[in-house]
Amino acid sequence: MRNLLFLALLLFLGCAGSPQVKINEIDLIDKYTVRFIGNTSKENAKLLESILTKHPKEIDTLIVTSSGGEVFGGMHIGYLVHKFDLKVVIERYCTSSCANYIVTASNDVVVSEGAFLGWHGGSTQPMYTPFEEEISWFSRIQRFFRQADYNGTSSCANYIVTASNDVVVSEGAFLGWHGGSTQPMYTPFEEEISWFSRIQRFFRQADYNEDMDTYLLRWQERELEFFETVGVNQAVTILGMMPGLNEERDSMLFSYDKETLQYLGLNIKFENEEQVELSPDGTKVVQVFNITHDKLEVLLKRHNKKITRGT
């Protein structure tokens with residue numbers, strides 16, 4: 001059961017099967033700018049790298065819309081942003097691995113008017129919040145992204161297979177459905193978590209064999225190295241989950257006041273006067289924590305002690 005819950009949350013945290021926008025678009029829109037729409041998969045990271053490598057001196061801006069994805073793919077993209085010294089413009093939203101690893105890697109981030117930015121955990125999260133307790137937030141996020149017309153893992157069967165008059169299922173291949181937009185008429189999305197995680201577990205095990213502890217250790221080591229390289233405090237990923245703030249949490253995602261973001265090493269300009277917390281339909285998506293300097297110092301000291309004990 002522990003591993004099942006862990007795998008369900010890995011989807012949320014971005015290891016595999018994270019919600020992704022309908023269309024992946026990673027391409028030059030002019031000689032200086034790449035638009036990145038999609039998840040932080042390793043494949044998308046490699047595609048971005050190929051574009052940047054072909055135009056190393058011209059490209060200076062990455063316009064991004066991403067709900068996150070794989071954590072290691074996210075770090076790969078972040079290293080590219082850091083290496084090529086790219087300005088990052090958040091066009092619609094940047095959450096999860098996008099916030100963790102793309103935003104933090106740039107010294108010049110602009111959040112466009114109406115766009116939102118949010119974190120919801122990182123590799124050190126288990127020090128504060130058991131993955132099991134995140135299931136309710138996980139289901140809310142999944143539901144929000146589905147309602148916002150993002151695609152999950154069954155979209156291939158739902159929309160690609162059904163659109164063709166000539167479909168061939170190769171020998172040994174799988175084809176299957178597990179829900180669509182009318183699903184809530186019959187089964188709440190929350191009740192689908194166990195099935196969803198079982199499906200993801202099966203397909204992940206086809207080419208991924210690490211157990212939970214090994215995976216977390218590898219993630220923590222790589223993430224620590226990443227934040228040391230980009231010069232941002234790793235705690236940005238989990239402050240909203242720490243005692244002292246977690247009790248006030250009332251949203252799927254969290255961010256921080258501008259002064260706190262700057263203190264943590266981020267340089268972000270918001271085109272809105274205030275950070276966007278609500279989606280167009282009024283759903284609260286991001287909670288912005290306003291943290292005094294003294295409280296922030298206390299939280300960071302506590303976090304550093306935990307990190308030290310864990311090494």
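Every heavy atom of this structure was used, including side-chain atoms; hydrogens, water molecules and symmetry mates were not. Note that this is a predicted model, so its numbers are computed, not measured.
Annotation: the span from His303 atom NE2 to Gln234 atom CD amounts to 5.0 Å, rounded to 0.5 Å. Between the CD1 atom of Ile77 and the CD1 atom of Ile26 there is a distance of 7.0 Å, given to the nearest 0.5 Å. Taken to the nearest 0.5 Å, the CE atom of Met241 stands 3.5 Å off from the CD atom of Gln125. Rounding to the nearest 0.5 Å gives a distance of 12.0 Å between CG of Leu62 and CZ of Phe84. One distance of note links CE of Met252 with NE2 of His120; it measures 10.5 Å at 0.5 Å rounding. Note that NZ of Lys54 and CG of Leu28 are 9.5 Å apart. Values are rounded to the nearest 0.5 Å.
Crowding of Lys46 atom NZ: a count of heavy atoms from other residues, nucleotides or ligands under 6.0 Å not exceeding 12. In the displayed structure, Asn233 atom CG is contacted under 6.0 Å by more than 12 heavy atoms of other residues, nucleotides or ligands. For CD of Glu248, the number of neighbouring non-hydrogen atoms (other residues, nucleotides, ligands) closer than 6.0 Å is greater than 12. For Gln262, the CD atom is loosely surrounded, since the number of other residues' heavy atoms within 6.0 Å does not exceed 12.
Looking only at side-chain heavy atoms (C-beta outward), His55 and Val34 stay at 4.5 Å or farther from each other. The shortest side-chain heavy-atom distance between Val110 and Glu271 falls under the 4.5 Å cut-off. For the pair Tyr93 and Thr65, the minimum side-chain heavy-atom distance is below 4.5 Å. Between Trp119 and Ser255 there is a side-chain heavy-atom pair separated by less than 4.5 Å. Side-chain contact check for Tyr32 versus Thr61: every heavy-atom pair is 4.5 Å or farther apart. Contact of the Val89 side chain with the Ser112 side chain is registered, since non-hydrogen atoms from C-beta on lie closer than 4.5 Å. No side-chain heavy atom of Lys306 sits under 4.5 Å from any side-chain heavy atom of Thr124. Counting heavy atoms from C-beta on, the side chains of Thr53 and Ser50 never come closer than 4.5 Å.
Counting all heavy atoms, side chain and backbone alike, Val276 lies closest to Phe116 at O-CB, 3.7 Å. Taking both residues in full, the closest heavy atoms of Ala115 and Glu91 are given as CB-O, 3.7 Å, listed atom of the first, atom of the second, then distance. Heavy atoms only, all atoms of each residue included: Thr40 and Ser66 are closest at CG2-OG, 3.9 Å. The shortest non-hydrogen separation linking Asn44 to Gly38 is ND2-C, 4.4 Å. Here the closest non-hydrogen pair linking Leu253 and Gly118 is CB-CA, 4.1 Å. Between Cys94 and Val103, the shortest heavy-atom contact is SG-CG2, 3.6 Å.
At distances below 3.5 Å, not a single donor-acceptor pair connects side-chain atoms of Glu277 with backbone N or O atoms of Lys284. Using a distance-only test at 3.5 Å, with no hydrogens or angles considered, a donor-acceptor pair links the side chain of Asp257 to the main chain of Ile291. Put simply, the side chain of Glu25 never gets that close to the backbone of Ile37: no donor and acceptor are under 3.5 Å apart. The backbone N or O of Gly68 lies less than 3.5 Å from no partner atom in the side chain of Ser97, so there is not a single donor-acceptor pair. Listed for the Asn267 side chain is no donor-acceptor partner under 3.5 Å among the backbone atoms of Val109. Thr95 places a side-chain N or O within donor-acceptor distance of the main-chain N or O of Ser67, the cut-off being under 3.5 Å.
Between the side chains of Tyr256 and Gln275, no donor-acceptor pair is found at a separation under 3.5 Å.
Linking Ile, Leu, Val, Met, Phe, Trp and Tyr whenever their side-chain heavy atoms come within less than 4.5 Å puts Leu261 and Leu245 in one cluster. The cluster map of Ile, Leu, Val, Met, Phe, Trp and Tyr, joined by side-chain heavy atoms under 4.5 Å apart, puts Leu86 and Ile63 in different clusters. A single hydrophobic cluster is seen to contain both Leu47 and Ile59, as judged by linkage of ILVMFWY side chains at heavy-atom distances under 4.5 Å, directly or through other members. If you chain together hydrophobic residues whose side chains sit under 4.5 Å apart, Val71 and Met127 fall into the same group.
The salt bridge (Lys or Arg N to Asp or Glu O under 4.0 Å) pairs that include a residue from residues 99-112 are Asp108-Lys269, where partners are two or more places apart or lie in different chains. Evaluation of the side chain to side chain donor-acceptor pair (under 3.5 Å) test over residues 289-298, restricted to residues two or more places apart or in two chains, returns Tyr263-Glu297.
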Can you check side-chain contact (heavy atoms from CB on, under 4.5 Å) on Thr104 and Leu266, steps first, answer last? CA-CA 6 Å; Thr104 56; Leu266 292 145; 3.8 Å; yes
Could you walk me through whether Lys42 and His76 pass side-chain contact (heavy atoms from CB on, under 4.5 Å), step by step? CA-CA 8 Å; Lys42 294 176 183 177; His76 186 169; 5.9 Å; no
Please evaluate residues Ile268 and Ile90 with respect to the criterion side-chain contact (heavy atoms from CB on, under 4.5 Å), reporting the C-alpha separation (whole Å), side-chain torsions for both, the decisive distance (0.1 Å), and the verdict. CA-CA 10 Å; Ile268 304 176; Ile90 300 173; over 6 Å; no
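The cationic group of Arg302 does not satisfy the cation-pi geometry with Tyr128, failing either the under 6.0 Å distance to the six-membered ring centre or the 45° limit from the ring axis.
Considering Phe72, Phe227, Phe226 as possible partners of Tyr79, the one that fulfils the ring-ring contact (aromatic ring centres under 6.0 Å, His included) test is Phe226.
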